[in-house]
Amino acid sequence: PFDVLVIGGGPAGASSAIYAARKGIKTGMVVETFGGQVLETLGIENVIGTPYVEGPQLMRQVEEHVNQYGVDIMKGQRAKSIRKNEWIEVELENGAQLKSKTAILATGARWRAINVPGEKEFKNKGIAYCPHCDGPLFKGKDVAVVGGGNSGIEAAIDLAGLSKHVYVLEFLPELKADQVLQDKLYQLDNVTVITNAATKEITGSSHVEAITYTDRVTNEEHTLDVEGVFILIGLMPNTEWLQGSVALTERGEIPVDKHGATNVEGVFAAGDCTDSAYKQIIISMGSGATAALGAFDYTIRNEFP
Ligand code: FAD
């Protein structure tokens, strides 16, 4: 059996594996794809101490770092279920059963896509999902935010401070964000809110140049000239496989305490799959370290068969 079995190979999983392995304990990793969401990121400018790095390059370095510690990495494998008996038992989709004293869940999250023409083509070419990451790229430019929930309106307020004009497109007849955010938004003079807007297409040549939407009341089509489109219609944690075994919030996130512990003894969690307030690389790496130290502490305080 492992001492620590990490599920997930993004920043949170990699950081937990390194912290665990540095304790000299037997550490394994089950990863569908090593690298996680960072592989989809072109330029990263907020990994402190590294002013600029591209996602694939960062995760190559992270993988090399993990490999320095003799972590048993099982790539191309998805965890299917987890339960606690004498050991923590993790079943993989290929049927294999793994046992460990502790487990760290770090399966991350995925942004919901709007699935319109142009969304895939212009990813990293004007289409963005994270205002903290990519906001500064749109300084002085016109941008659209798709989504009028809390994350969309927070993004719009944030972007209004940098961009020239921000258009908020909400599908429903009204915004869904908290009232305080809406009040704040409506005070800004470089923001236009458009409700009942069904995004139809994102167009451009090498980069985004416009977004087209259908007004759901009049059925008319409108096009806005923008250089950026932020899509903020929900971050979905990759936790479906945990339903019924580990407590989840109503949004599907794993609640953790300050040691990264979940409600199941010996099972810890880190990164975007948890209820952490913000979802960033540095935050995921930090919570991965916390979860690994929490798991190590657990192994020295408990007896195992
Ligand atoms: P993830 O990166 O999502 O990794 C999850 C891992 O778990 C993956 O390896 C996946 O394959 C694996 N996995 C999932 N399910 C299973 C399973 N059942 N079994 C086994 N493995 C599984 N943050 C920044 O700080 N700066 C940025 O500039 C930035 N830009 C971003 C740009 C984009 C387009 C996106 C999408 C995100 C960006 N982020 C950025 C956010 C950042 O990427 C995430 O906060 C971070 O990757 C979360 O790390 P994580 O390890 O928790 O999860």
Side-chain angles (χ1 to χ4, degrees), residues 5-18 28-48 50-59 62-63 66 73-82 90-94 96 98 103-113 119-120 122-137 151 229-232 234-243 245-246 252-254 256 260 269-292:
L5 182 61
V6 178
I7 321 290
S15 163
S16 9
I18 290 173
M29 259 182 121
V30 176
V31 305
E32 192 185 358
T33 343
F34 197 100
Q37 291 169 72
V38 184
L39 295 182
E40 299 167 34
T41 311
L42 198 59
I44 303 172
E45 301 181 344
N46 54 8
V47 172
I48 307 309
T50 304
Y52 181 86
V53 64
E54 299 193 343
Q57 162 78 16
L58 174 65
M59 293 317 286
V62 168
E63 189 169 356
V66 174
I73 307 182
M74 292 157 266
K75 281 198 195 175
Q77 302 297 335
R78 276 178 67 85
K80 188 171 133 192
S81 67
I82 186 165
V90 174
E91 188 187 358
L92 305 188
E93 280 186 357
N94 71 3
L98 304 172
I104 298 175
L105 311 173
T107 47
R110 58 193 188 275
W111 290 98
R112 258 181 73 197
E119 185 178 17
K120 277 209 184 89
F122 294 111
K123 197 166 188 174
N124 288 324
K125 294 177 187 155
I127 293 193
Y129 296 84
C130 170
H132 316 302
C133 315
D134 297 335
L137 301 175
S151 60
V229 176
F230 283 79
I231 299 172
L232 289 154
L235 185 66
M236 325 245 290
N238 298 322
T239 55
E240 292 83 357
W241 65 288
L242 297 169
Q243 273 164 19
S245 50
V246 175
E253 296 178 337
I254 308 166
V256 289
D272 281 13
C273 64
T274 70
D275 63 350
S276 73
Y278 304 102
K279 317 290 187 202
Q280 292 282 277
I281 295 167
I282 194 166
I283 293 172
S284 301
M285 286 183 172
S287 65
T290 301

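Just so it is clear, the structure is predicted and the values come from calculations on it, not from any experiment. One-based numbering, in listed order, for ligands and for the atoms of each. Just so you know, residue 1 is the first one in the sequence shown, and it goes up from there.
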The closest protein heavy-atom partner of atom 3 (O) of ligand 1 is Q37 NE2, 2.8 Å
Looking only at protein heavy atoms, what sits closest to atom 10 (C) of ligand 1 is T33 O, 4.1 Å
field: Q77 heavy atom under 4.0 Å from ligand 1
entry: yes
Under-4.0 Å salt bridge between R78 and E93: yes
For D272, the ligand 1 atoms with a heavy-atom partner under 4.0 Å come out as 44 (C), 45 (O), 46 (C), 48 (C), 52 (O)
Q280-ligand 1 polar pair, N/O distance under 3.5 Å = yes
of all protein heavy atoms, closest to atom 21 (N) of ligand 1 is E32 N, 3.3 Å
among protein heavy atoms, the one nearest atom 18 (N) of ligand 1 is A79 O, 3.2 Å
When I7, L98, N94 are each screened for side chain to side chain contact (heavy atoms under 4.5 Å, CB included) with M74, the one that passes is L98
In this structure, atom 27 (C) of ligand 1 is nearest to the protein heavy atom C133 SG, 3.1 Å
A student checking ligand 1 against G271 at a 4.0 Å heavy-atom cut-off should list atoms 52 (O)
At under 4.0 Å between heavy atoms, what of A12 touches ligand 1? The answer is both
N46 heavy atoms within 4.0 Å reach ligand 1 at atoms 24 (C), 25 (O), 26 (N), 27 (C), 28 (O)
inquiry  = Polar contacts were defined as any N/O atom of the residue lying under 3.5 Å from an N/O atom of the ligand; does this apply to V31 and ligand 1?
reply    = no
| message | Take a 6.0 Å sphere around OH of Y278 and say whether it holds more than 12 heavy atoms from other residues, nucleotides or ligands. | response | no
The protein heavy atom nearest to atom 38 (C) of ligand 1 is T41 OG1, 4.0 Å
G9 heavy atoms within 4.0 Å reach ligand 1 at atoms 6 (C), 7 (O), 8 (C), 9 (O)
Tell me whether R110 is salt-bridged to E240, with the criterion being a basic N under 4.0 Å from an acidic carboxylate O. yes
Next item on the list: Inspect the contact between E63 and K75 and indicate whether a charged nitrogen and a carboxylate oxygen are less than 4.0 angstrom apart.
Entry: yes
Between F230 and D134, is the side-chain contact (heavy atoms from CB on, under 4.5 Å) condition met? List the steps. CA-CA 9 Å; F230 283 79; D134 297 335; 4.2 Å; yes
For A106, the ligand 1 atoms with a heavy-atom partner under 4.0 Å come out as 5 (C), 6 (C), 7 (O)
of all protein heavy atoms, closest to atom 7 (O) of ligand 1 is G8 CA, 3.3 Å
In ligand 1, the atoms that come under 4.0 Å of a heavy atom of G108 are 1 (P), 3 (O), 5 (C), 52 (O), 53 (O)
I want to know if ligand 1 touches I7 in the polar sense, i.e. an N/O pair below 3.5 angstrom. no
A student checking ligand 1 against A109 at a 4.0 Å heavy-atom cut-off should list atoms 3 (O)
Atom 25 (O) of ligand 1: closest protein heavy atom, distance to 0.1 Å, is I281 N, 2.8 Å
Heavy-atom proximity to atom 36 (C) of ligand 1 ranks first, among W111, F34, Y129, for W111
The atoms of ligand 1 lying under 4.0 Å from a heavy atom of V30, numbered in the order shown, are 20 (C), 21 (N)
